[in-house]
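Please read the structure below before turning to the comments.
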Amino acid sequence: MSDLRVLDLRQCPMTVFPQGIFQGLDRLETVFADNYKLCCPATLPRGFNVLNCHAPFDEVSSCDDLLRSNLYRVALAIFASLSLLGNLSTLVYRLILHKTTSNVGYDVFVTNLCVADFLMGVYLLIIGIVDHRYKGVYLWEDTGWRNSRLCNLAGFLCFLSSEVSVFIIFFITLDRFLVFRFPFSQVHFRKQSAVFVCGVTWLAGMTLAAIPLLPMTSHWSFYSQTSICFPLPTSRVDFPGRTYSFGVIIVLNFILFIFILFGQMFVYQSVRASSISSSCTSKTIKSFNVALRLMTVVMSDFLCWFPVGLTGILAANDILISGEVNVGIAIFVLPFNASLNPYLYTLNIYLERRRCRREEERRKRIISQLKLVNSYIAPN
């Protein structure tokens with residue numbers, strides 16, 4: 001064995017890489033492998049030229065770190081901070097500081113959407129902490145981390161957050177559609193019905209996220225496929241459970257967002273047609289304002305999820321997708337909406353309140369002018 005010069009470990013079912021795995025192979029010149037960890041300097045013989053070790057490139061992790069690039073690390077920290085602080089602040093504001101007594105389903109949907117987006121921030125926080133914990137020694141901790149309960153929990157939270165967010169956005173769009181399609185009927189989401197729908201949504205999201213953890217699917221090692229604990233079916237690389245991931249993340253979400261797109265188009269046309277009407281009541285105007293606020297939130301989510309669905313469909317048809325695209329989706333696209341949504345709520349609420357203040361000031365000026373006119377007319 002000490003005279004071995006070429007070592008081919010492709011299709012070798014190795015999952016654990018102990019230190020000194022190539023010990024004694026002093027004359028080894030070339031290595032072929034399926035796992036990038038076998039080409040890390042720490043595993044190769046002393047003096048071995050790493051350029052002669054051929055293995056697939058891992059877009060997310062390196063021999064030293066869970067997140068191979070500082071760009072990924074900075075992006076994750078920013079998105080985690082924005083998601084956690086933004087959604088927590090929005091929840092505190094809506095549940096404690098600004099309690100509403102209205103019977104509309106909109107407030108219930110938005111509150112549950114904040115909770116779902118907050119869970120995405122928790123997922124990002126877990127990945128960031130583990131990346132810091134194993135910095136410089138990730139090579140020897142990779143297998144243990146990916147098969148740990150914490151990794152399964154992180155993947156579960158990411159899956160749950162993503163699916164619940166999509167479902168709730170769908171119901172928000174459906175709610176606005178019903179308001180504009182049947183403005184004088186009772187076919188609307190009230191607070192009680194919205195609570196029931198959100199409860200069913202959370203139950204469905206938990207079920208979808210828990211299926212890969214059941215004993216019958218344990219052979220998938222679903223959340224252990226990647227170092228970020230969430231396998232996306234946006235590459236041509238096959239893995240156990242890929243069909244399930246594709247069916248939920250790509251097919252189901254893509255169908256829901258097609259409905260969301262057409263629903264938002266209908267709402268936009270209704271808002272546009274009614275905005276030029278002179279017979280709008282205050283209740284109708286309030287519904288229009290809510291619709292306009294929601295359109296920014298829904299369309300931002302759609303623009304982020306549409307590339308995920310499109311990339312997954314292209315990959316399923318054996319169209320080459322760059323590894324950098326997959327990493328970009330995992331690091332930048334998935335957390336983007338969870339980080340952006342609470343600030344969209346805040347901005348829209350601020351704009352709405354400013355509009356209301358201006359209308360109130362205008363109304364007061366008109367009343368004061370009428371009183372002034374009456375004071376001149378009254379003596380006569």
Side-chain angles (χ1 to χ4, degrees), residues 15-17 19 35-37 40 42 58-92 113-165 205-206 209-210 212-213 220-232 239 245 249 304 323-324 326-343:
T15 57
V16 180
F17 306 94
Q19 297 186 24
N35 195 309
Y36 79 97
K37 289 183 285 186
C40 291
D58 190 281
E59 295 88 359
V60 179
S61 302
S62 67
C63 297
D64 297 322
D65 302 313
L66 190 154
L67 298 176
R68 64 176 305 112
S69 169
N70 285 329
L71 176 61
Y72 302 158
R73 197 169 288 112
V74 170
L76 184 139
I78 292 174
F79 285 135
S81 301
L82 292 176
S83 179
L84 290 171
L85 295 177
N87 286 290
L88 182 61
S89 301
T90 303
L91 285 172
V92 170
L113 186 58
C114 284
V115 175
D117 290 341
F118 180 80
L119 292 182
M120 179 62 73
V122 175
Y123 159 76
L124 296 173
L125 179 64
I126 292 175
I127 299 299
I129 292 175
V130 173
D131 172 62
H132 179 75
R133 168 67 178 81
Y134 295 141
K135 188 172 180 60
V137 295
Y138 182 70
L139 170 64
W140 312 116
E141 305 292 344
D142 174 71
T143 302
W145 153 243
R146 289 193 290 110
N147 291 282
S148 67
R149 292 181 179 180
L150 184 59
C151 183
N152 284 330
L153 174 62
F156 176 86
L157 291 177
C158 183
F159 206 152
L160 175 63
S161 172
S162 301
E163 292 311 305
V164 171
S165 179
M206 290 181 182
L213 298 174
W220 288 358
S221 298
F222 189 77
Y223 295 121
S224 302
Q225 296 297 321
T226 66
S227 57
I228 57 174
C229 307
F230 191 68
L232 285 169
F239 58 87
S245 179
I249 298 175
C304 285
E324 284 72 16
N326 298 321
V327 177
I329 289 176
I331 302 296
F332 298 97
V333 175
L334 282 181
F336 180 76
N337 284 308
S339 306
L340 180 65
N341 283 343
Y343 301 97

Tell me which one of V333, L340, L334 satisfies side-chain contact (heavy atoms from CB on, under 4.5 Å) with F336.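 That would be L340.
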D131: side-chain contact (heavy atoms from CB on, under 4.5 Å) partners, not counting sequence neighbours: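 Counting only residues at least two positions away or on another chain, D131 forms a side-chain contact (heavy atoms from CB on, under 4.5 Å) with D65, L66, L67, R73.
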Could you go through L160 and M206, starting from their C-alpha distance and side-chain angles, then the distance that decides it, and tell me whether this counts as side chain to side chain contact (heavy atoms under 4.5 Å, CB included)? CA-CA 6 Å; L160 175 63; M206 290 181 182; 3.8 Å; yes
State, yes or no, whether a side-chain contact exists between Y138 and W145 at a heavy-atom distance under 4.5 Å.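 Side-chain contact under 4.5 Å: yes.
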Using side-chain heavy atoms (C-beta onward) and a distance below 4.5 Å, is N152 in contact with L213?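 Heavy-atom side-chain distance check passes, below 4.5 Å.
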We want to know whether S83 and S339 form a side-chain donor-acceptor pair, criterion being a heavy-atom distance below 3.5 angstrom.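 Side-chain D/A pair, S83 to S339: absent.
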Check against side chain to side chain contact (heavy atoms under 4.5 Å, CB included), I228 and Y72: CA-CA 12 Å; I228 57 174; Y72 302 158; over 6 Å; no
Side chain to side chain contact (heavy atoms under 4.5 Å, CB included) between S165 and L113, worked out: CA-CA 6 Å; S165 179; L113 186 58; 3.5 Å; yes
According to disulfide (SG to SG under 2.5 Å), who are the partners of C229, at least two apart in sequence or on a separate chain?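 Testing C229 for disulfide (SG to SG under 2.5 Å), a comparison that skips the adjacent residues, returns C151.
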Drop me the distance from I331's CD1 to I329's CD1, to the nearest 0.5 angstrom.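 Rounded to the nearest 0.5 Å, the CD1-CD1 separation comes to 11.5 Å.
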Minimum heavy-atom separation for [X] and [Y], please, with both atom names.
| X | Y | result |
| --- | --- | --- |
| V122 | L84 | N-CD2, 3.6 Å |
| S161 | L119 | CB-CB, 4.1 Å |
| A209 | P212 | O-CD, 3.4 Å |
| Y36 | S62 | OH-O, 3.5 Å |
| A338 | N87 | O-ND2, 2.9 Å |
| I127 | S227 | CD1-O, 4.4 Å |

Checking side chain to side chain contact (heavy atoms under 4.5 Å, CB included) for the pair W140/Y134: CA distance, chi angles, key distance, verdict? CA-CA 9 Å; W140 312 116; Y134 295 141; over 6 Å; no
Hey, are D142 and K37 close enough for a salt bridge, meaning a charged N less than 4.0 Å from a carboxylate O?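 So D142 pairs with K37 through a salt bridge.
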Parallel, tilted or perpendicular for F159 and Y223, by the 30°/60° rule?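 It falls in the perpendicular class, over 60°.
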